[in-house]
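Report on the following structure.
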Number of protein chains: 2
Amino acid sequence: MKWRKNLLEQVNSMEKVRPFSHALDRLRDAGLRPTRQRLALAKLLFDECDRHITAEQLHSEALAGNIRVSLATVYNTLHQFTTAGLLREIVVDAGRSYFDTNTTCHHHFFDESTGVLSDVPDGQLEVSGIPTPPEGAQVESVDVVVRIRAAS
Amino acid sequence: MKWRKNLLEQVNSMEKVRPFSHALDRLRDAGLRPTRQRLALAKLLFDECDRHITAEQLHSEALAGNIRVSLATVYNTLHQFTTAGLLREIVVDAGRSYFDTNTTCHHHFFDESTGVLSDVPDGQLEVSGIPTPPEGAQVESVDVVVRIRAAS
DNA sequence: TTTGATGCAAATTATTTGCATAAGA
DNA sequence: TCTTATGCAAATAATTTGCATCAAA
């Protein structure tokens with residue numbers, strides 16, 4: 001049927017009305033099939049710049065935006081995005097994973113009272129003398145977490 | 001009954017045979033009642049120096065040493081020790097907590113292939129320019145994790 | 001013997017997996 | 001239509017909590 005275009009065409013025509021090319025391009029470039037859920041989650045993640053979010057938070061946002069998606073799918077999608085290099089997983093809290101839309105090398109503040117994760121502005125913090133790892137291992141990354149707390 | 005001494009006396013007499021004063025002193029100083037389980041776990045933790053261990057690992061060691069203790073008690077004890085300042089909790093792996101018997105300020109290697117956590121020797125790694133935290137917050141600590149992996 | 005801390009079973013929270021199904025070619 | 005990848009229910013893993021019990025005084 002004529003009106004039945006493939007998803008790419010649909011999306012291209014929709015882009016004229018509402019610009020979600022950003023999210024779509026990212027999925028395309030990563031070689032991930034742009035399904036409805038993925039596209040919706042990508043939009044939430046990448047339309048604003050520089051987000052730090054947990055699976056639970058993203059799931060809430062999706063539901064609030066009338067996107068029907070299970071928490072498991074949110075987890076799976078976040079991990080797929082991470083594997084594809086679209087996200088970076090940040091470990092700051094035992095028993096909760098945060099995902100960062102900024103995948104470049106940078107460091108974090110973690111507010112232990114509120115659970116809010118934020119970026120340390122570039123150029124403020126320097127790590128020098130990265131140590132020689134034990135025999136036979138290579139350094140993958142050097143992660144710095146500045147733990148903060150509301151002043152008492 | 002005469003033979004029924006209190007725990008302190010028992011322990012003092014046993015010390016002549018087997019030296020676990022180290023573990024006992026630590027509990028005493030921290031104001032924690034030296035119960036059988038706590039004393040046994042403290043012995044495992046503090047008799048060797050500088051251990052990095054998960055709850056699961058410590059539980060296994062306890063069972064191997066014929067110490068009947070539940071995993072929940074191991075968790076509770078690890079947290080009590082941490083609150084008392086005897087241990088430091090290290091967050092390196094989403095969904096698993098490590099505890100470090102070295103509570104002084106230092107940094108870590110985390111081997112992502114094996115899950116082994118180890119200390120970065122003092123003096124090799126320097127962090128400079130600790131950034132100003134967001135308004136109203138104060139810095140609690142600056143944690144550096146050097147993630148390593150077996151060379152491919 | 002009394003009392004309050006303790007230790008564990010059961011509950012909770014966070015995350016992963018297997019497989020029926022829907023989506024794209 | 002025909003796969004193959006997808007999304008979710010159910011399972012698993014990690015950790016916490018409430019309360020009966022035990023140990024110290």
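Given the structure is predicted, the values throughout are model-derived calculations rather than measurements.
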Check whether any side-chain nitrogen or oxygen of B:Arg38 sits under 4.0 Å from OP1 or OP2 of C:dT6, and answer yes or no.
yes
Inter- and intrachain pairs under salt bridge (Lys or Arg N to Asp or Glu O under 4.0 Å), touching residues 67-79 of chain B, at least two apart:
none
In residues 116-137 of chain A, what donor-acceptor pairs under 3.5 Å come from side-chain atoms, sequence neighbours left out?
residue: A:Asp119; atom: OD1; partner: A:His52; partner atom: NE2; Å: 2.8
residue: A:Asp119; atom: OD1; partner: A:His106; partner atom: NE2; Å: 2.9
residue: A:Asp119; atom: OD1; partner: A:His108; partner atom: NE2; Å: 3.3

Which parts of residues 60-67 of chain A get close to DNA chain D, meaning a heavy atom less than 4.0 angstrom away?
none
One would report the end-axis bend of the helix from C:dT1-D:dA25 to C:dA25-D:dT1, five pairs per end and rounded to 10 degrees, as 10°
Could you give the CZ-to-P distance, from A:Phe81 to D:dT6, as a whole number of Å?
11 Å
Go through the structure and list residues passing salt bridge (charged side-chain N to carboxylate O under 4.0 Å, His left out) with B:Asp143, not counting sequence neighbours.
A:Arg147, B:Arg88
Round to the nearest Å and state the distance from B:Leu39 atom CG to D:dA23 atom C1'.
14 Å
Please give, in whole Å, the distance from C:dT15 C1' to A:Asp93 CG?
14 Å
Who pairs with A:Glu89 by side-chain hydrogen bond (donor to acceptor under 3.5 Å, both in side chains), at least two apart in sequence or on another chain?
A:Ser97
Does A:Leu87 offer a backbone N or O that forms a donor-acceptor pair with the side chain of A:Thr103 under 3.5 Å?
no
Using whole Å, report how far CG of B:Leu78 lies from P of C:dG7.
13 Å
With a 3.5 Å cut-off and sequence neighbours excluded, list the donor-acceptor pairs that the side chains of residues 76-86 of chain A form with protein atoms.
residue: A:Thr77; atom: OG1; partner: A:Thr73; partner atom: O; Å: 2.7
residue: A:His79; atom: ND1; partner: A:Tyr75; partner atom: O; Å: 3.3
residue: A:Gln80; atom: OE1; partner: A:Arg38; partner atom: NE; Å: 3.3
residue: A:Gln80; atom: OE1; partner: A:Arg38; partner atom: NH2; Å: 3.0
residue: A:Thr82; atom: OG1; partner: A:Leu78; partner atom: O; Å: 2.8
residue: A:Thr83; atom: OG1; partner: A:His79; partner atom: O; Å: 2.9

Nearest-angstrom distance from the residue atom NE2 of B:His59 to C1' of C:dG7
12 Å
Flag the pair B:Asp25 and B:Arg28 as a salt bridge only when some basic side-chain nitrogen lies within less than 4.0 angstrom of an acidic carboxylate oxygen.
yes
The side-chain hydrogen bond (donor to acceptor under 3.5 Å, both in side chains) partners of B:Glu56 (sequence neighbours excluded) come to none
Nonpolar side-chain network containing A:Val91, other nodes, edges under 4.5 Å
B:Val91
Euclidean distance, atom CG of residue A:Leu32 to atom C1' of C:dA23 [Å, nearest integer]
15 Å
Separation of C:dA14 atom P from A:Gln57 atom CD, nearest Å, is 11 Å
Tell me whether the side-chain N/O atoms of A:Thr35 come closer than 4.0 Å to OP1 or OP2 in C:dA22.
no
For the pair made of CZ in B:Arg36 and P in C:dG7, what is the distance, rounded to whole Å?
10 Å
A:Arg51: what forms a side-chain hydrogen bond (donor to acceptor under 3.5 Å, both in side chains) with it, not counting sequence neighbours?
A:Glu61
Strictly by ring-ring contact (aromatic ring centres under 6.0 Å, His included), give each pair with a member in residues 109-150 of chain B just once, sequence neighbours left out.
B:Tyr98-B:Phe110
Contact string for nucleotides 8-15 of chain D, one letter per nucleotide 5' to 3', B = base within protein heavy-atom range under 4.0 Å, S = sugar-phosphate only, - = neither, reads BB----SB
